[in-house]
Amino acid sequence: MGFLSLGSPLSWSETKQHADHVRKHGILQFIHIFNKLKDRENDCLKWGDEVEYTLIKFDHENKKVYNNLKAKEVLDVLQLEESNNPSTIKTAWRPEYAGYMVEGTPGHPLGGCMRHFNMIEANMKLRREEILQNLKESGETVLSIVTFPRLGCPNFTYPNFKPTPGKGISSSLFFPDQAVFQGHPRFRTLTQNIRERRGSKVAINVPIFKDVKTPSPFTEKFPDVEGEGAKAAKLDHIYLDAMGFGMGMSCLQMTFQACSINEARYLYDQLAAVTPIVMALSAATPILRGFLSDLDCRWCVIAGSVDDRTPEEMGIKPLQENRFVIPKSRYDSISTYLSPEGNKYNDIDLVHDQEICQQLMDAGIDEQLARHYAHLFIRDPLVLFQEHNIQSTNWQTMRFKPPPPNSNIGWRVEFRPTEVQLTDFENAALVTFIVLLTRVILSFDLNLLIPLSKVDENMITAQKRDAARKGMFYFRKTLKKCPAAAKGEIPNSNADTGEEFELMSIDTIINGKVGEFPGLIPLIESYLGNVDVDIDTRCTISQYLTFIQRKASGELLTTAQWMRKFVALHPDYKQDSVVSETICYDLMNTFDGIARGELGAPELFGKPTSKTSDVLTKKCLEIKEEMAKIEPAK
Ligand code: GSH
């Protein structure tokens with residue numbers, strides 16, 4: 001997300017009146033960009049990661065821990081460097097949804113040379129250091145966790161604020177409005193307009209993990225004057241009622257610049273097929289509002305947290321005011337492939353506006369891409385700011401990004417499913433793996449596509465407890481692309497018969513199975529055998545790939561499984577699914593020690609890392625010079 005422009009936000013009833021105008025303008029803008037830049041070619045492959053961080057405050061004396069609502073203060077300093085020296089910055093900083101979150105990226109995209117793999121972790125380390133330099137009060141730290149385990153429990157913020165049920169922008173029983181980022185109205189406006197558009201608070205129910213002493217059925221009493229929570233909360237579920245529970249969660253995203261629009265469309269599709277696999281591998285969200293949940297990932301919580309569909313759009317009431325019944329939230333998995341080879345696997349309902357689709361096709365856009373945009377445009381704009389485009393409130397597993405007007409940036413795709421990991425090493429390993437996977441897909445002309453309905457099934461599997469070890473995922477048996485398919489020449493062939501794909505474990509998908517499936521990492525290894533890589537870079541890459549392999553084989557635990565084990569073994573845990581303040585404090589304190597490299601976590605990532613750590617300081621210096629040579633992104 002770029003710099004946000006300030007402005008006075010409109011309420012939902014005002015925004016609604018402008019919705020059609022904004023939509024029309026957005027469509028014209030896309031047509032203009034498409035026609036101007038559709039033939040843009042030979043952009044160099046660049047990539048960048050985005051890490052979302054959580055600011056934490058410990059009270060060590062009383063063994064308490066809080067989310068530190070200091071993001072604005074910290075960002076004001078962190079962003080200074082960028083406004084003063086935009087072309088030489090090593091890191092760039094953006095606000096995120098919550099007042100305890102900051103988002104950091106490298107100052108400029110990497111890519112174009114193998115040595116840049118040495119810089120990912122160094123740059124992440126630099127980002128962490130920069131945040132820490134701005135957290136000087138006692139007990140302050142930064143963690144890269146998906147969500148604070150007791151988010152929404154009484155007193156979870158520092159300073160302490162009380163929720164305002166039935167009032168304010170969230171109206172939540174648990175999440176105070178002050179925990180939403182206060183430095184820009186976008187986040188507050190989104191919160192309020194989502195709630196007002198759907199006509200009720202968001203209602204998220206995640207099955208609770210039933211331990212031996214968890215009450216059955218599990219139910220809670222809420223101090224809920226209007227009874228909205230009591231009605232929306234389901235038995236045996238953890239009930240969450242605010243956007244902050246979802247958009248206040250953190251992830252690790254990657255963006256890739258492709259050499260042309262066609263390559264971007266191809267990559268978009270290929271990477272979509274691995275989104276559930278990477279989500280399961282990176283699972284790190286087993287605790288919600290102080291309870292162990294029965295899921296390991298954040299995805300369905302965020303999807304529910306921004307679900308602005310009305311009862312008509314959800315199909316609960318007959319359509320009268322609204323135009324479409326829409327099967328998914330704005331935050332969800334993709335609903336259409338964009339490349340010619342993907343077309344035959346588009347087997348799920350793509351709700352789209354036919355008039356817009358026709359308008360786009362009349363302007364020269366092919367039907368497949370026109371349908372994608374006509375699908376995005378079924379959503380109303382939720383906030384009206386200068387920089388708003390319909391993409392910025394459509395949050396799907398993959399995002400297809402046209403070049404921004406008047407920039408030197410090419411066609412890009414964003415990979416969005418990954419849960420953020422605790423250490424820079426783990427995050428760098430995941431980034432390296434995905435970047436190399438894009439290289440392999442393009443160089444070996446791979447085809448990972450399966451019907452989209454199967455990708456959606458994989459998304460559900462991926463969120464389940466311990467899916468990385470126990471889940472079985474649909475995956476393509478043969479990965480070699482058929483040249484005719486690339487031209488869209490193959491009829492439905494055996495796509496519907498199920499012969500092209502089968503259920504595989506993550507171990508098989510990543511590590512391969514002799515005589516049966518090559519495995520993504522062996523394919524990456526053979527790619528690396530064919531390109532020129534210096535020893536230093538090769539060693540860096542090897543340790544990351546080994547880590548991913550061990551995670552996929554189940555030898556290492558996912559962060560979610562590691563956290564469950566920590567809770568289960570904690571003396572304060574009563575086998576009742578409750579993650580108490582003491583457990584939360586100890587867990588966050590241990591995480592802090594691990595992230596700072598002071599504590600080992602052999603089950604999480606093996607021996608305290610890496611050859612990289614010895615050379616990190618040197619790399620941090622090198623990175624300055626190297627970054628200065630790279631073309632500025634914005
Ligand atoms: N934290 C989210 C996740 O874990 O998936 C991803 C970040 C995100 O989608 N943030 C929202 C946003 O609009 C904040 S409301 N980001 C800017 C964008 O998507 O362009």
Side-chain angles (χ1 to χ4, degrees), residues 1-5 9 26 48-54 71 92-105 144-148 151 169-170 175 179-195 202 204 242-255 275-276 278-279 282-285 288 297-308 329-334 376 379 381-402 404 412-421 427 430 459 462-463 559 634:
M1 180 167 54
F3 275 123
L4 293 163
S5 70
D49 68 86
E50 293 171 31
V51 178
E52 294 170 338
Y53 299 90
T54 302
W93 298 98
R94 298 290 176 264
E96 249 304 332
Y97 179 82
Y100 50 80
M101 286 167 88
V102 293
E103 177 195 289
T105 64
S144 43
I145 47 173
V146 175
T147 188
F148 184 68
L151 192 90
I169 53 162
S170 296
F175 199 91
V180 180
F181 183 76
Q182 300 292 312
H184 191 284
R186 169 184 162 91
F187 306 107
R188 292 197 303 269
T189 313
L190 273 172
T191 312
Q192 177 155 321
N193 288 0
I194 285 172
R195 191 169 50 73
V202 293
I204 308 151
M243 180 169 170
F245 281 107
M247 278 301 183
M249 289 179 162
S250 298
C251 70
L252 166 69
Q253 292 173 345
M254 290 148 242
T255 299
T275 51
V278 176
M279 192 167 74
S282 64
T285 322
L288 299 168
C297 295
R298 79 194 188 293
W299 197 261
C300 72
V301 176
I302 312 194
S305 83
V306 289
D307 192 350
D308 68 330
S329 163
R330 315 175 155 250
Y331 184 108
D332 217 314
S333 50
I334 65 159
L376 296 185
R379 312 281 176 178
L382 286 172
V383 281
L384 302 179
F385 291 116
Q386 199 190 319
E387 66 285 337
H388 175 84
N389 68 60
I390 199 71
Q391 298 251 46
S392 66
T393 46
N394 259 286
W395 303 281
Q396 301 184 344
T397 34
M398 295 294 304
R399 189 181 274 171
F400 179 68
K401 296 169 100 169
R412 291 167 302 162
V413 296
E414 192 176 31
F415 185 80
R416 301 173 53 90
T418 319
E419 307 236 318
V420 73
Q421 308 294 292
N427 286 317
L430 279 161
M459 282 297 287
Q463 299 178 57
T559 310
K634 294 175 184 124

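Ligands are counted one by one from 1 in listed order, and the atoms in each one are counted from 1 as well. For clarity, every value in this text was computed on a predicted model and none was experimentally measured.
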Query - From Arg399, Arg94, Glu414 - option closest to atom 20 (O) of ligand 1 by heavy atom - result: Arg399
**Report entry** Per atom 10 (N) of ligand 1, closest listed option by heavy atom (Glu96, Gln253, Met243)
**Finding:** Glu96
Report task. Please state whether Tyr331 comes within less than 4.0 angstrom of ligand 1, counting heavy atoms only. Result -> yes
Query raised in the report: Does Glu103 have a heavy atom less than 4.0 Å from any atom of ligand 1?
Result: no
Query - Subset of ligand 1 atoms that lie under 4.0 Å from at least one heavy atom of Ser250 - result: 4 (O)
Query raised in the report: Counting only heavy atoms, which portion of Leu190 has something under 4.0 Å from ligand 1: side chain, backbone, both, or neither?
Result: side chain
Query raised in the report: Of the backbone atoms (N, CA, C, O) and the side-chain heavy atoms from C-beta on, which set of Ile302 has a member under 4.0 Å from an atom of ligand 1: side chain, backbone, both, or neither?
Result: side chain
Query raised in the report: Angle class for the Phe181/Phe187 ring planes (parallel below 30°, perpendicular above 60°, tilted otherwise)?
Result: perpendicular
Query raised in the report: Is it true that Asp307 and Arg330 make a salt bridge, defined as a side-chain N closer than 4.0 Å to a carboxylate O?
Result: no
Query - Shortest non-hydrogen contact from Leu430 toward Leu252 - result: CB-CD2, 4.0 Å
Query raised in the report: If you look at every heavy atom in Ile334 and Gln396, which pair is closest and at what distance?
Result: CA-OE1, 3.8 Å
Query raised in the report: Can any side-chain N or O of Glu414 pair as donor or acceptor with the backbone N or O of Arg412 at less than 3.5 Å?
Result: no
Report task. Report yes or no: does Tyr100 contribute a side-chain atom to a donor-acceptor pair with the main-chain N or O of Gly248 at less than 3.5 Å? Result -> yes
**Report entry** Trp299, any N or O under 3.5 Å of ligand 1 N or O
**Finding:** no
